[in-house]
Amino acid sequence: MSSELMIQTQDLTKSYGSFTAVDRISFEVRRGEIVGFLGPNGAGKSTTMRILTCYLAPTGGTARVNGKDVFSDTLGVRQSLGYLPQRAPLYLDMSVLEYLQFAADLRELDASTFKKRARNVVEVCGLAQVLGKEISELSHGYRQRVGLAQALIHDPPILILDEPTSDLDPNEKTEFLEYLKRIGQERTVLLSTHNLSEVEAACARAIIVSRGRVVADGALSDIRARSGSVSTSIMVAAENMSGSSVSQVEIKSALDALKGVSKVEAPPSNGQAYRYELATPQDVDLRADLYRLAVQKGWVLLELVRASQALEDVFRDLTLGDERKNREISAA
Ligand code: ADP
């Protein structure tokens with residue numbers, strides 16, 4: 001049942017006095033999805049996740065995890081999910097194996113289930129080499145994988161991971177996301193981060209939150225497409241194919257006349273070549289038309305590039321208010 005709803009929130013709200021940290025957030029996550037829960041610091045990601053994991057009570061709205069209500073069935077919710085908070089609650093003086101045993105005891109797993117599950121989590125989190133080591137001796141990367149292993153020990157269908165990579169170096173991050181992708185093949189994962197490249201590496205879908213609200217929710221390609229226009233840049237040599245000078249006025253008017261072009265800009269040129277930036281709606285790709293036009297006019301095309309739409313630009317537009325607010329707070 002690929003369409004089974006594993007996480008559902010409806011108008012979820014959390015206020016601290018007059019401050020609303022989570023403001024009527026509604027979203028759904030289906031079985032088998034790895035969803036990036038994305039937003040700048042302070043957007044409300046941790047608060048939402050702590051409500052979903054029954055560590056915090058909402059002040060309004062509803063949330064269901066694996067069909068179970070976070071208000072009325074906390075036990076059912078906790079059995080359905082594994083949670084890795086921002087700082088994994090590791091006991092540094094335990095060995096990895098002792099810690100996994102400890103996590104299994106908390107979950108009340110019997111000895112034979114623990115044996116089976118331990119074998120599985122050690123394999124999927126790549127811990128075989130460090131099983132007997134004290135956690136204090138492990139690198140951050142390994143520690144987070146131990147955190148992931150404890151979240152998986154009771155074989156939950158859902159994983160909720162709160163900025164699990166924020167303390168990792170780039171290599172450790174990449175490695176962690178690789179493990180996560182493999183684990184996500186059979187589980188539903190909600191992964192919070194303020195780092196877009198992580199979402200691009202591990203998730204097909206993102207929910208972007210800003211100041212407690214959902215500002216975008218969908219496939220990364222759709223979110224990318226939300227930004228207004230895309231720019232195509234061309235550079236035409238000052239001499240055409242037969243060796244005579246080309247007229248800038250003529251180039252500009254031919255470009256202006258192209259179907260789908262909303263604006264043509266001509267940055268200053270060096271006299272050897274002329275550059276133009278053409279703005280179009282997202283769904284228009286001018287490259288073939290530009291090539292044909294150049295051939296027809298005898299222009300020598302030195303460059304033809306359609307800017308790939310950066311998710312970062314969309315993210316910045318959607319969450320600009322947050323950044324400003326954060327700056328104001330840190331300046332105060
Ligand atoms: P994120 O995880 O996106 O960085 P959080 O959910 O941690 O954001 O925080 C959202 C907002 O709620 C922040 O502005 C934070 O300062 C505020 N907040 C979190 N916990 C409390 C609390 N216990 N009391 C008051 N404000 C809080």
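For Tyr55, the ring-ring contact (aromatic ring centres under 6.0 Å, His included) partners two or more places apart in sequence, or in a different chain, are Tyr83. Scanning for side chain to side chain donor-acceptor pair (under 3.5 Å) contacts around Lys252 gives Asp256, with sequence neighbours left out.
For Arg205 and Asp217, the salt-bridge test passes: some basic side-chain N is under 4.0 Å from an acidic carboxylate O. Taking a cutoff of 4.0 Å between a charged side-chain nitrogen and a carboxylate oxygen, Glu175 and Lys173 do not qualify as a salt bridge. Using a 4.0 Å cut-off between a side-chain N of Lys or Arg and a carboxylate O of Asp or Glu, Arg306 and Asp285 qualify as a salt bridge. Between Glu277 and Lys263, none of the side-chain N atoms (NZ, or NE/NH1/NH2) sits under 4.0 Å from a carboxylate O, so this pair counts as no salt bridge. Contact check on Arg107 versus Asp155 returns no salt bridge, with no Lys/Arg side-chain nitrogen under 4.0 Å from an Asp/Glu carboxylate oxygen.
Of the N and O atoms on the side chains of Ser233 and Arg275, at least one donor lies less than 3.5 Å from an acceptor on the other residue. For the 3.5 Å distance criterion, the side chains of Thr165 and Glu198 qualify, holding a donor opposite an acceptor.
Atom CD of Glu123 has 12 or fewer neighbouring heavy atoms from other residues, nucleotides or ligands inside a 6.0 Å radius.
No cation-pi contact links Arg117 to Phe114, judged by a cut-off of 6.0 Å to the six-membered ring centre and 45° from its axis.
For the residue pair Glu163 and Thr193, the shortest heavy atom distance occurs at CG-CA, 4.1 Å.
The side-chain heavy atoms of Asn195 and Ser197, taken from C-beta on, include a pair separated by under 4.5 Å.
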